[in-house]
Number of protein chains: 2
Amino acid sequence: MILETAARLFRDKGYSATSMRDLAQAVNLKASSLYNHINGKEDILREICFNNARRFREGLQEIEKNDLRPEDKVRALIRLHIRVATEDITSITAFNDEWRHLTEPYLSEFIDLRRDYEARIRAIIKSGIQEGSFKVYHSHIALYTIISAIRWVYDWYQAGKSISVRQLEDEVAGLLLTGLNVPVNTQIG
Amino acid sequence: MILETAARLFRDKGYSATSMRDLAQAVNLKASSLYNHINGKEDILREICFNNARRFREGLQEIEKNDLRPEDKVRALIRLHIRVATEDITSITAFNDEWRHLTEPYLSEFIDLRRDYEARIRAIIKSGIQEGSFKVYHSHIALYTIISAIRWVYDWYQAGKSISVRQLEDEVAGLLLTGLNVPVNTQIG
DNA sequence: CCTACCGATCGGTAGG
DNA sequence: CCTACCGATCGGTAGG
């Protein structure tokens with residue numbers, strides 16, 4: 001309860017601008033009583049950040065285990081990000097925006113986790129380039145363009161609106177894998 | 001000088017976690033002396049946010065003025081975001097991450113500007129879909145996938161590294177317009 | 001541009 | 001779980 005409420009406040013006001021008194025009031029406690037449940041403010045942030053990092057890491061591990069073509073791994077990765085984001089949209093926002101308020105040694109640990117995650121995605125992209133199924137780009141550019149595109153889904157996708165999660169997955173994957181443009185030889189105009 | 005320094009601090013620590021004393025020290029003043037140059041802390045944030053909003057708005061206006069095919073407008077838009085981000089990478093970070101700390105009525109004004117900006121990009125995408133040069137997606141999905149992909153370039157692009165701005169523009173545009181995948185009929189494997 | 005200072009609020013603790 | 005309270009720090013002002 002405290003964690004979920006904190007995630008919502010962190011999302012709405014940011015970590016630094018959320019006081020322990022804000023959080024206490026939101027869960028109907030006095031500020032001092034919070035310390036029977038947690039050790040300090042940063043504990044909460046730490047939990048949110050590393051919980052979500054684990055969700056992504058486990059999802060990626062699952063993708064790597066299966067023997068898929070690079071294209072299908074990227075597709076699965078897009079699905080993973082959309083699923084994680086839509087399942088717990090509040091805490092994922094805090095995770096994405098507020099991790100930099102972690103202090104050492106947790107900050108470095110978090111950055112290392114992220115670096116490892118990105119390196120593994122880069123390996124997928126590189127293998128696709130090598131076997132000729134992906135176009136030849138700088139893997140750095142392809143990596144971050146794709147990650148950026150899918151990292152912020154929670155920011156604009158309104159669950160329950162006219163677009164289903166399935167449509168969302170298919171269209172984002174379609175756009176990133178085959179592009180916005182209609183190929184010239186099949187074009188109407 | 002104050003604005004540039006503040007943008008850097010906001011980027012590194014966040015708006016809320018940056019104190020006027022931090023800023024004063026960074027420009028070799030006492031905190032109270034800052035108020036001879038600015039009216040208050042939020043003044044600085046406001047300036048950063050609306051300055052950058054204007055840069056994007058003017059860039060988009062330029063793109064709209066020229067009679068380009070939708071595909072080339074999207075290409076120009078990608079170039080615009082990359083150019084803006086690489087020209088002033090510090091203040092663009094503060095702009096992207098800290099605008100929500102604006103208070104009313106500026107917060108609403110800022111959100112309205114952004115909404116208008118996005119609506120105009122959506123119009124470009126819709127026109128491309130209508131004339132058959134873009135694949136048929138929900139314009140909502142295409143819009144935000146593309147915007148997300150290009151909004152965070154500053155976050156990962158290291159100027160001066162092995163990749164030039166020109167290569168960056170070409171590859172990001174290539175990826176978003178024609179996709180990561182090699183078309184099946186030209187595939188090697 | 002500074003010193004001196006304001007009331008408010010911060011994260012957190014003592015003690016019950 | 002609470003009341004009471006800590007020292008530190010906040011954005012900002014008065015006055016020169």
Side-chain angles (χ1 to χ4, degrees), chain A residues 1-51 90-91 93-95 97-110, chain B residues 1-51 90-91 93-95 97-110:
Chain A
M1 194 61 202
I2 289 180
L3 234 70
E4 287 88 335
T5 307
R8 179 170 53 77
L9 291 171
F10 292 170
R11 178 198 61 186
D12 293 340
K13 317 174 53 156
Y15 174 75
S16 293
T18 300
S19 73
M20 294 305 271
R21 284 157 179 84
D22 291 335
L23 175 56
Q25 194 176 33
V27 293
N28 283 315
L29 289 178
K30 298 295 173 182
S32 57
S33 303
L34 289 171
Y35 292 87
N36 292 306
H37 301 90
I38 52 161
N39 291 321
K41 190 183 179 186
E42 200 187 330
D43 261 35
I44 304 172
L45 181 63
R46 205 148 55 218
E47 202 113 355
I48 291 172
C49 289
F50 286 95
N51 275 353
T90 308
S91 104
T93 309
F95 160 77
D97 291 342
E98 308 299 332
W99 59 267
R100 64 184 165 145
H101 293 109
L102 291 169
T103 57
E104 297 295 353
Y106 305 102
L107 179 61
S108 290
E109 190 187 332
F110 183 85
Chain B
M1 194 61 204
I2 288 180
L3 235 69
E4 287 88 337
T5 307
R8 179 170 53 77
L9 291 170
F10 292 170
R11 178 198 61 185
D12 292 341
K13 316 174 51 154
Y15 174 76
S16 293
T18 300
S19 73
M20 295 304 272
R21 285 158 179 83
D22 291 335
L23 175 56
Q25 194 176 33
V27 294
N28 283 314
L29 288 178
K30 298 295 176 183
S32 58
S33 303
L34 289 172
Y35 292 87
N36 292 305
H37 302 90
I38 52 160
N39 291 321
K41 189 182 180 186
E42 198 186 332
D43 260 37
I44 304 173
L45 180 62
R46 205 148 57 218
E47 202 113 354
I48 291 172
C49 289
F50 286 95
N51 275 353
T90 308
S91 105
T93 309
F95 159 78
D97 291 341
E98 307 299 332
W99 59 265
R100 63 184 164 145
H101 292 108
L102 291 169
T103 57
E104 298 294 354
Y106 305 101
L107 179 61
S108 290
E109 190 187 331
F110 183 86

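For the numbers below, each heavy atom of this structure counts, side chains included, while hydrogens, waters and symmetry mates do not. Chain letters run A, B, ... following the sequence lines, proteins first and then strands; every chain starts at 1.
- At a threshold of 4.0 angstrom between heavy atoms, the contacts of B:Leu29 are confined to the sugar-phosphate backbone, with no base atom among them.
- Taking the nucleotide of DNA chain D with the nearest heavy atom to each of B:Ala31 and A:Ala31, the more 5' of the two is matched to A:Ala31.
- Across the protein-nucleic acid pair, B:Leu34 atom CG and C:dC1 atom P stand 9 Å apart, rounded to whole Å.
- Neither OP1 nor OP2 of C:dC2 sits under 4.0 Å from any side-chain N or O of B:Ser32.
- Side-chain N/O atoms of A:Asp22 and A:Ser19 include a donor and acceptor closer than 3.5 Å.
- Between the side chain of A:Glu47 and the main chain of A:Leu3, no donor-acceptor pair closer than 3.5 Å is present.
- Between A:Arg46 atom CZ and C:dG11 atom C1' the separation is 15 Å, expressed in whole Å.
- Between B:Leu9 atom CG and D:dG11 atom P there is a gap of 12 Å when expressed in whole angstrom units.
- A:Arg21 places its CZ atom 12 Å from the C1' atom of D:dA4, with the value rounded to the nearest Å.
- Classified by interplanar angle (parallel below 30°, tilted 30° to 60°, perpendicular above 60°), the ring pair B:Trp99/B:Phe110 is parallel.
- The nucleotide C:dG12 finds its pairing partner in D:dC5, both defining distances of the Watson-Crick or G-U wobble pair being shorter than 3.5 Å.
- Under the 3.5 Å distance criterion, the side-chain polar atoms of A:Arg46 are left unmatched by any main-chain donor or acceptor of A:Thr103.
- The separation between B:His101 atom NE2 and D:dC10 atom P is 15 Å, rounded to whole Å.
- If you check D:dG11, D:dT3, C:dC1 against the side chain of B:Ser33, the one that comes closest is C:dC1.
- Atom OH of B:Tyr35 and atom C1' of C:dT3 are 16 Å apart (whole Å).
- Rounded to a whole Å, the CG atom of A:Leu23 is 16 Å from the C1' atom of C:dT9.
- Candidate nucleotides D:dC2, D:dG12, C:dC2 were compared by shortest atom distance to the side chain of B:Lys30, and C:dC2 ranks first.
- OP1 or OP2 of D:dG11 sits under 4.0 Å from a side-chain N or O of B:Lys41.
- Where A:Asn36 and A:Thr18 each meet DNA chain C at their nearest nucleotide, the meeting point lying more 5' is that of A:Thr18.
- The separation between A:Glu42 atom CD and C:dC10 atom C1' is 16 Å, rounded to whole Å.
- At least one side-chain heavy atom of A:Leu45 sits under 4.5 Å from a side-chain heavy atom of A:Glu98.
- Between A:Ser19 and C:dC10 there is a side-chain polar atom (N or O) within less than 4.0 angstrom of OP1 or OP2.
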